[in-house]
There are 2 protein chains.
Amino acid sequence: MVAVRARPIVLEPLAAAEPCAHCDARSYSVCNAIEIKDLERLAAMAVSISVEPGRSFIVEGDPAEHFFNVTAGTAKLFKLLPDGRRQITGFAGTGHFLGLAVSSVYAFGAEAVDPMRVCRFSRPKLRAMLDDFPAMETRLLEVASNELVAAQEQMLLLGRKTARERLASFLIARASIPTHCVAQAPGMARTVTLPMTRGDIADYLGLTIETVSRTLTRLKADGLIEIPSNGAIVLRDRAALESVAGGLD
Amino acid sequence: MVAVRARPIVLEPLAAAEPCAHCDARSYSVCNAIEIKDLERLAAMAVSISVEPGRSFIVEGDPAEHFFNVTAGTAKLFKLLPDGRRQITGFAGTGHFLGLAVSSVYAFGAEAVDPMRVCRFSRPKLRAMLDDFPAMETRLLEVASNELVAAQEQMLLLGRKTARERLASFLIARASIPTHCVAQAPGMARTVTLPMTRGDIADYLGLTIETVSRTLTRLKADGLIEIPSNGAIVLRDRAALESVAGGLD
DNA sequence: CGTTGTGTTGATATTAATCAACAAGTGTGG
DNA sequence: CCACACTTGTTGATTAATATCAACACAACG
């Protein structure tokens, strides 16, 4: 069964708009919940910003003044303990919303993994926007619900899965992320690109760098994956990986 | 700083409505976003159900036909692996909403920890309700955002904290849950009631029963807590507990 | 070239899991 | 009222998984 997936919402100010080579619509207006003309009005309220790899654009504990929509690249979202231990709570790719919090301060930090573009709204403008476009609020609620489901899945991973199961889960999940357009081969990318470092993967999976490295080596030795280069992994036996990811064998 | 906390939303059909001894309004209509008369109309669309301890009322993977609002008692929400490993992703107390998922099947199971009452809506009726009351949708988005923040905090706990830190975090978090009314002593209950078993705590914190037991014993020996009975824990040194919970010392 | 960041691999340490025994509380039925 | 099973919780001995410490390989970059 191939899930029907909503297109990622990508808000981009008109000035920065680029036509998409693959989608039918223009890349900055990929949203199935709002009329195009409204989207343009809406996008005009925002600022488009480039973020270089390694650069933080949200700092945990800072006043939450902005709301972001990722329009290109990938961010890592994380929480820190005073002694430096870090948990990456997720990677935010194109279409992701950041900074929804009700609280007045950000509950997490965000840093670019690769060259990013984000679209930034002030929170009052976001509020005005939601009041103007109820459909947008509905869509955001859907987005938040989906993230909640993903968060629960990650809790299962962190609380109960072995290192091997965690890596398999991670690779399978990564393989189902649409890279750009949503219309795609039936949910299956055989080569997974990993823009993040082993350290990021470790902090995402609640492991150490060494364990991530060793576990990938074992998965390779077992014929489940190939590692053509850092930053890419080929899923040689997707069914077996899914089985491992689900806690079987 | 004492956070201003919104009242829990409690929807209860009129037949089951009971006046609250502590709140100014009636207990079943505690919602700061909707007019009382609308709420009554809305509550009339729902069914109130009692759930005995140990009874499941949401099964992971089943068609997601209903949407629930907890009106009394506590539920545990969990995900399972095929071999029986279980991760409790949260405990849902009075005011919590369950079953928001966009997906057509439930992403988690829910089981009553103690005698519960839940208010049940069919999902189409929920949709109609949200269309009728945009304020309700706004409120749900806030709720979902807060749960997302809590989920991230739990990921930090599961991925990076020691057993001792996990227990301390759990106790501190439990101590800040308003039992019934929200207006309360400045955020601080010294005695924490734990309706769930050690096994539930273990599955929530990603530990085993034995480790939970041992760690509580150690916290007691260190003078941070007292354990007058199963089901209750007295925080003897809240500051120290908070310090441990935050990853210090 | 050295330097730095990233990744791999090996040896050892440590935390928490597992295996096991037992204690305390609860409910049942004789 | 007491024997009994059953559930829940505690504590001890041992094991296993992963973390930690350490060395080294390799690529990117000034």
Side-chain angles (χ1 to χ4, degrees), chain A residues 52-55 76 81 83-88 111-115 157-168 170 193-222 225-233 244 247, chain B residues 52-54 76 81 83-88 111 113-114 157-170 193-222 225-233 244 247:
Chain A
E52 291 145 46
R55 193 67 163 288
K76 51 189 174 198
L81 288 171
D83 65 358
R85 278 174 286 172
R86 182 181 68 160
Q87 179 65 36
I88 292 184
E111 186 179 315
V113 166
D114 50 17
L157 180 151
L158 291 170
R160 289 297 179 225
K161 289 186 182 178
T162 65
R164 187 180 174 87
E165 289 163 356
R166 292 180 203 205
L167 263 301
F170 176 65
T193 61
L194 301 176
M196 69 292 289
T197 67
R198 295 286 187 269
D200 290 338
I201 297 173
D203 282 349
Y204 180 55
L205 300 179
L207 301 169
T208 58
I209 293 179
E210 295 92 326
T211 298
V212 169
S213 181
R214 272 187 256 270
T215 305
L216 286 176
T217 301
R218 288 273 310 275
L219 288 174
K220 183 174 69 175
D222 296 346
I225 60 172
E226 281 166 36
I227 311 180
S229 72
N230 292 335
I233 286 184
V244 173
Chain B
E52 292 144 44
K76 51 189 173 196
L81 287 171
D83 64 358
R85 277 174 287 172
R86 183 180 68 160
Q87 179 65 36
I88 292 184
E111 186 179 315
V113 166
D114 51 16
L157 180 149
L158 292 170
R160 288 298 179 223
K161 289 186 181 177
T162 65
R164 187 180 175 87
E165 289 163 357
R166 293 181 201 204
L167 263 301
S169 302
F170 176 65
T193 61
L194 302 176
M196 68 292 290
T197 66
R198 296 286 187 271
D200 290 338
I201 297 172
D203 282 348
Y204 181 54
L205 301 180
L207 300 169
T208 58
I209 293 179
E210 295 93 324
T211 299
V212 168
S213 181
R214 271 188 257 272
T215 305
L216 287 176
T217 302
R218 289 271 312 271
L219 288 174
K220 182 173 72 177
D222 296 345
I225 62 172
E226 281 165 36
I227 312 181
S229 72
N230 292 337
I233 285 185
V244 173

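Just so it is clear: chains get the letters A, B, ... in the order the sequence lines come, proteins before strands, and each one is counted from 1.
Residues of residues 160-168 of chain A having a heavy atom closer than 4.0 Å to DNA chain D, listed by number: Thr162(A), Ala163(A).
By the salt bridge (Lys or Arg N to Asp or Glu O under 4.0 Å) test, Asp114(B) is found to be paired with no residue, residues two or more places apart in sequence or in another chain being considered.
The CG atom of Leu207(A) sits 18 Å away from the P atom of dT15(C) (whole-angstrom rounding). Summarising the geometry, the separation between CD1 on Ile201(A) and P on dT6(C) is reported as 13 Å, rounded to the nearest angstrom. Distance, Asp83(B) CG to dA17(C) C1': 14 Å, rounded to whole Å.
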Candidate pair Lys161(B) and Val244(B), rule side-chain contact (heavy atoms from CB on, under 4.5 Å), full reasoning: CA-CA 10 Å; Lys161(B) 289 186 181 177; Val244(B) 173; over 6 Å; no

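Sorted by first then second residue, the side-chain hydrogen bond (donor to acceptor under 3.5 Å, both in side chains) pairs that include residues 207-218 of chain B, not counting sequence neighbours, are Thr208(B)-Thr211(B).
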List, with names and distances, any nitrogen or oxygen atoms from the protein found under 3.5 Å away from nitrogen or oxygen atoms belonging to nucleotides 27-30 of chain D.
none

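Across its full length, the helix from dC1(C)-dG30(D) to dG30(C)-dC1(D) shows an angle of 30° between the axes of its 5 terminal pairs at either end, rounded to 10 degrees.
Atoms CD1 and OG1, from Ile233(B) and Thr193(B) in turn, are 10.5 Å apart once rounded to the nearest 0.5 Å.
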B/S/- contact track for nucleotides 8-14 of chain D, protein heavy atom under 4.0 Å: -SBBBB-

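Across all strands shown, Gly206(B) has heavy atoms under 4.0 Å from sugar-phosphate atoms exclusively, and none from any base.
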